[in-house]
2 protein chains.
Amino acid sequence: MTGSPVAEQVLRSALAIEGAESLAAIEAEVRAIASPLGYDRFILFSASAVGDQVVERIYWVEGDWFGDGEDVDAETYVRRCPVTRHVLETREPFFWTKTIAMDGELYKIVRYPRGQGIHGLQIPVFGPLGLEGAMSLGGSQIDASRRARLSLGLIATTAFFSARRLLEAAAEAVGPLSEREREVLSWTAAGRRQVEIAATLGLSERTVENHLRRIRKRLGVATTPQAIRVAIRNGDIAG
Amino acid sequence: MTGSPVAEQVLRSALAIEGAESLAAIEAEVRAIASPLGYDRFILFSASAVGDQVVERIYWVEGDWFGDGEDVDAETYVRRCPVTRHVLETREPFFWTKTIAMDGELYKIVRYPRGQGIHGLQIPVFGPLGLEGAMSLGGSQIDASRRARLSLGLIATTAFFSARRLLEAAAEAVGPLSEREREVLSWTAAGRRQVEIAATLGLSERTVENHLRRIRKRLGVATTPQAIRVAIRNGDIAG
DNA sequence: GTTTCATTGAGGGAAATCCCTCATTTTGCT
DNA sequence: AGCAAAATGAGGGATTTCCCTCAATGAAAC
């Protein structure tokens, strides 16, 4: 489609992104790699695989994602987009195509985008807790080769972690679990219900519930089952 | 230390690994990239933190990891190694150094390995379920630049997923849980709610609920959080 | 051909969990 | 003493999970 990505440039940009001290610097590097490949719109966001909410926080939006006359803001658009939701179901970067049908826009996940419309590449980013973010790149004439996908995958992954480092500096100050919290969680892992744990420890059900909520918050998870896994992994409770 | 990685070669190898049809082909590509950087021993394995057990399955071991006269097998060595355990606690590739002290071997996680001894790079690999595997590379004279780390990170990540695709293809159900049940439980451990899992797997909420109930019954537990722990213990799902 | 089991789905209702906020007491630390 | 964090508890409402039963399909086993 356009020139194939220059490998040297890709590595160099990834390193630059890794050490970037501002979001603008990250954006510039991404553009430098993506533009020659035909991508001219970008979305970078943190995501959690939990809750109905896929998108957690948008780090960067750029380009004509919405078309003229659309009066949706970036947040709404990204959150509603079916392509965005698809990151929950995949473990690999994927291409998509948006065509204008009679009854509105039609998104499709495709192997190789071609033909009329806006095409794009969506790259999920994974971490210790599973899906942690994603980057979307789009354009009307894009390089959709495996090589481009691999290159942009590296760039996007690096960009996400770097952007998060910059923007969520003081966000996740999660401490370790307290003694009481470990105790409650251990009983939970042992199959006890909140009311039973309350009786065992001589607490009210409310307190047990409050402890569990605080535990989830601390561990940065959404559900108690997930808290069990994370706590086991962290060594907070016995596996 | 040695020549810096040729970016073009890195991208090419990553693509080759991605499409590889045999483990040997993957190994060859990794060697081609890693050797010039001074790495001559490799371990590739799937991982999960099941209590004491970090390593799940070793895909590939090569090189002089153990020294002469050592009569430990690869499994034991990798499982015992403190460096291996450290992948549980990190979200980034890291360098380590092994020095021979009077009272045995001493491993240290370092920013830039130098001096005498064996040095290495450990690269955790993440997926939708969190930590899913890792690759260890070692050598006595290694390139420990950020550039090398980034390049090998890409290579290792690609290699892991490709190797798993090849080797776990015919993995059959060994546990008491069926394939579908394991799948549902894994997503639960990853923090998904029933309705979300239903959407992801294309099932009705009812079906997911039924699966979970059957899982609890099979494992002989009362609650889903407990099922998570028991399943992790049994190795039915990743820790 | 019959039986078994995995997989899928549902109705209806009970139980449990989860979310928000607010408040009190205790404990550890400077 | 004074502050911060842990630990405790509650109100009130929204979601989610759980439990019972019932049922249809398809594939594998006998």
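Nothing here was measured: the structure is a model prediction, and the numbers come from that model. Values below: all heavy atoms of this structure, side chains included; hydrogens, waters and symmetry mates excluded. Letters go in sequence order (proteins before strands), and every chain restarts at 1.
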Mind checking A/R206 for me? I need base, sugar-phosphate or nothing, with any heavy atom below 4.0 Å counting as a touch.
base
By nearest-nucleotide position on DNA chain C, the 5'-leaning member of A/E205 and A/N210 is A/E205
Tell me what A/R180 touches on the nucleic acid: a base, only sugar-phosphate, or nothing, going by heavy atoms under 4.0 Å.
sugar-phosphate
Nearest-Å distance for atom pair CD/P, residues A/E209 and D/dG11:
12 Å
State which of C/dC19, D/dG9, D/dA7 makes the closest approach to the side chain of A/S178.
D/dA7
Side-chain N or O of A/T207 closer than 4.0 Å to phosphate OP1/OP2 of D/dA7:
no
If I take atom CD in residue B/E196 and atom C1' in nucleotide C/dC18, what distance separates them, rounded to the nearest angstrom?
14 Å
Using a strict cut-off of less than 4.0 Å between a Lys/Arg side-chain nitrogen and an Asp/Glu carboxylate oxygen, indicate whether B/E92 and B/R149 qualify as a salt bridge.
no
Take atom CG of B/L203 and atom C1' of C/dA6, then tell me their distance rounded to the nearest Å.
13 Å
Phosphate oxygens OP1/OP2 of C/dA10: is one of them under 4.0 Å from a side-chain N or O of B/S204?
yes
Take atom CZ of A/R193 and atom P of C/dA15, then tell me their distance rounded to the nearest Å.
12 Å
Should B/M135 and B/I43 be marked as a side-chain contact (heavy atoms from CB on, under 4.5 Å) after you check the CA-CA gap, both sets of side-chain angles, and the distance that decides it?
CA-CA 6 Å; B/M135 179 158 197; B/I43 301 179; over 6 Å; no
How many Å lie between CD on B/E179 and P on D/dA27, as a whole number?
17 Å
So, OP1 or OP2 of D/dT15: does either fall under 4.0 Å of a side-chain N or O from B/Q194?
no
Whole-Å gap separating C1' (C/dC5) and NZ (B/K217):
14 Å
Given atom CD1 of A/I197 and atom P of D/dT8, what is their separation to the nearest angstrom?
13 Å
Please report the distance, rounded to the nearest Å, between CZ in A/R214 and P in C/dT17.
19 Å
Would you say B/H211 reaches C/dT7's phosphate, i.e. side-chain N/O to OP1/OP2 under 4.0 Å?
no
Any side-chain N or O of B/R218 below 4.0 angstrom from OP1/OP2 of C/dA6?
yes
For C/dC18, does OP1 or OP2 lie under 4.0 Å from any side-chain N or O of A/T224?
yes
Taking everything shown except B/R218 itself, do over 12 heavy atoms lie less than 6.0 Å from its CZ?
yes
Touch check for B/R213, heavy atoms < 4.0 angstrom, all strands: base, sugar-phosphate only, or nothing?
base
Out of A/F45, A/F42, A/F160, which one pairs with A/W60 under the ring pair (Phe, Tyr, Trp, His ring centres under 6.0 Å) rule?
A/F42
Sub-3.5 Å donor-acceptor pair from the side chain of A/E196 to the main-chain atoms of A/R193, do we have one?
yes
Side-chain N or O of B/R216 closer than 4.0 Å to phosphate OP1/OP2 of D/dC18
yes
